[in-house]
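For reference, the structure is listed below as structure tokens.
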Amino acid sequence: MSGTRDEQRVTPLELFFDLVFVFALTQVTGYLGAGESWGNVLQGIGILLALWWAWVAYAWVANAAGSEDGPARVALLAAVAAMLVVSLAVPDAFGASAVWFAGGLLVVRLLHLSLYWILGRHDAGLRAVLRRLAVPLSVGPALLVAGALLDGPLRATAWVAALAVDYTGPVRSAGEGSRVAPGHFAERFGLIVIVALGESIVSIGVGADGAPLDLGLVTAAVVAAVAAAALWWAYFDVTALAVERRFASASPSEQVRVARDCYMYLHTLTVLGIILFALGVKKTLAHVDEPLSVVAAAALCGGVALYLVSLAAFRRRGTGTLPAARVGAAAVLVLAAPLATRVDATAALAVVASVLVALVAHETVRERELRHDLRART
């Protein structure tokens, strides 16, 4: 974590690292879609949470770097290779490839800690961060490696313990030496939301693969694209800018807490919501004129509801205001989930898109002055 350097921007090397995360998200969506059972969904969510926390760790260290030259560049490129191995192991992360997944993730984490060591040679604050993070960032993947050598409930227990260590670590380890560059941090997380939304677009093509291109399929694809565009609008039109403005103007200690709460934690739910929506879209395009299964309906409606609730909490934590309309829209979508198992999948998707379009239209009118003010200062 670095000092406040508002001029720092996302670098080409960071974007290159994100490319392998794009592949990882595609693998997770494929895993979720491979079997429509709650157990499969829970496993897929666990995989996503493990991958996401690895990405978050590198977002922090890149924020600290300010430079990607020399040994730091080599370590980051090595992490790309390790993350690629982890991504390849996703389809069988709870089976034959469990050791590859967990071992690769451990290597990714160790390379992350080596980056802190490289960058901290001349920075006492970064050395303090490394001392606090070394144990929690090593224990989580080590537990996954142990779980890969076990079977059944013991493996599941190791996964739960690993994720618990990961996700409670930042709360317990916050302290001296933690600093953040708000502009860079907000930009990096905004770009990863774009990456996740891209997965929902890819799911349109994957779901439609092999089906004849007819009016029904084209209609479903257009409705899915409208829904994805509304998700983009809900994040980038006002919310992301409003939070970033308050983030940048906060005190250094509050900036660290906002980075942790708004971006690390709440964006976990944001990305998860998008991936679940992508799963629902994939299943819709594969069976446009049939009702969705219970799992697919829950993913489609519940994923968008989770996305909206996470953004409402993001806005509340970042600016102190709660967009109640988003909570209301999320409640409507949860109530609509049973309907999606009784009507054609395209009709269910149209309901989701209609709720989203109505929401963004309402907020566009309601927040026009704030929107103008935010863009005037950009």
Side-chain angles (χ1 to χ4, degrees), residues 41 45 189-190 193 196-197 200 222-247 258 261-263 265-281 283-284 291-292 294-374:
V41 170
I45 291 173
F189 278 78
V193 169
L197 287 171
S200 68
V222 170
V223 173
V226 169
L231 293 179
W232 174 89
W233 194 299
Y235 184 91
F236 289 99
D237 183 46
V238 168
T239 296
L241 294 176
V243 174
E244 183 179 354
R245 179 199 283 186
R246 291 287 294 271
F247 184 24
V258 170
D261 299 343
C262 284
Y263 293 95
Y265 284 120
L266 289 175
H267 273 63
T268 304
L269 302 180
T270 302
V271 171
L272 175 57
I274 295 171
I275 297 304
L276 290 174
F277 166 72
L279 171 61
V281 167
K283 295 299 182 182
T284 297
L292 293 170
V294 172
V295 172
L300 178 65
C301 298
V304 176
L306 179 62
Y307 178 82
L308 294 177
V309 169
S310 73
L311 291 190
F314 175 57
R315 181 83 170 265
R316 179 71 176 85
R317 175 63 181 88
T319 68
T321 61
L322 178 66
R326 298 191 174 196
V327 179
V332 170
L333 289 169
V334 170
L335 294 174
L339 176 67
T341 64
R342 295 179 173 85
V343 301
D344 290 350
T346 302
L349 182 59
V351 170
V352 172
S354 296
V355 171
L356 287 170
V357 169
L359 173 66
V360 299
H362 165 76
E363 292 186 340
T364 297
V365 173
R366 182 182 178 85
E367 299 187 321
R368 58 183 179 276
E369 293 183 5
L370 175 59
R371 179 183 304 100
H372 180 270
D373 181 48
L374 289 169

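Residues take their numbers from the sequence shown, with the count starting at 1. Just so you know, these numbers use all the heavy atoms, side chains as well, and skip hydrogens, waters and symmetry mates.
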Arg326 and Ser310 side chains, donor-acceptor separation under 3.5 Å: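 Distance-only check fails for Ser310 and Arg326.
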Listed partners of Ser200 passing side chain to side chain donor-acceptor pair (under 3.5 Å), at least two apart: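 If we apply the side chain to side chain donor-acceptor pair (under 3.5 Å) test to Ser200, skipping adjacent residues, there are no hits.
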Side chain to side chain donor-acceptor pair (under 3.5 Å) involving Arg368 - partner list, sequence neighbours excluded: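 Per chain and number, Arg368 pairs via side chain to side chain donor-acceptor pair (under 3.5 Å) with no residue.
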Expected output: side-chain His267 to main-chain Phe189 donor-acceptor under 3.5 Å: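 Pair absent, no side-chain N/O of His267 close to backbone of Phe189.
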From [X] [atom1] over to [Y] [atom2], what is the distance, rounded to the nearest 0.5 angstrom?
| X | Y | atom1 | atom2 | value |
| --- | --- | --- | --- | --- |
| Ile45 | Leu276 | CD1 | CG | 5.5 Å |
| Leu333 | Leu356 | CG | CG | 6.5 Å |
| Thr270 | Leu308 | OG1 | CG | 9.5 Å |
| Lys283 | Leu292 | NZ | CG | 10.0 Å |
| Phe247 | Tyr263 | CZ | OH | 5.5 Å |
| Thr364 | His362 | OG1 | NE2 | 10.0 Å |

For Val360 against Ala230, the heavy-atom pair lying closest together: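 Shortest heavy-atom contact: CG1-O, 3.7 Å.
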Pairwise salt bridge (charged side-chain N to carboxylate O under 4.0 Å, His left out) hits with a residue in residues 297-320, at least two apart: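 Checked against salt bridge (charged side-chain N to carboxylate O under 4.0 Å, His left out) - neighbours excluded - the pairs reaching residues 297-320 are Glu254-Arg317, Asp261-Arg317, Arg315-Glu367.
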Among Leu306, Leu197, Leu272, Val304, side-chain contact (heavy atoms from CB on, under 4.5 Å) partner for Phe277: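 Exactly one option meets the side-chain contact (heavy atoms from CB on, under 4.5 Å) with Phe277, and it is Val304.
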Tyr307-Tyr235 aromatic ring centre distance below 6.0 Å: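 No: the rings miss the under 6.0 Å criterion.
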Close side-chain approach of Val238 and Glu363, heavy atoms under 4.5 Å: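 Contact flag for Val238/Glu363 side chains = no.
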Check: Pro291 and Val343 side chains under 4.5 Å, non-hydrogen atoms: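 Not touching, per the 4.5 Å side-chain cut-off.
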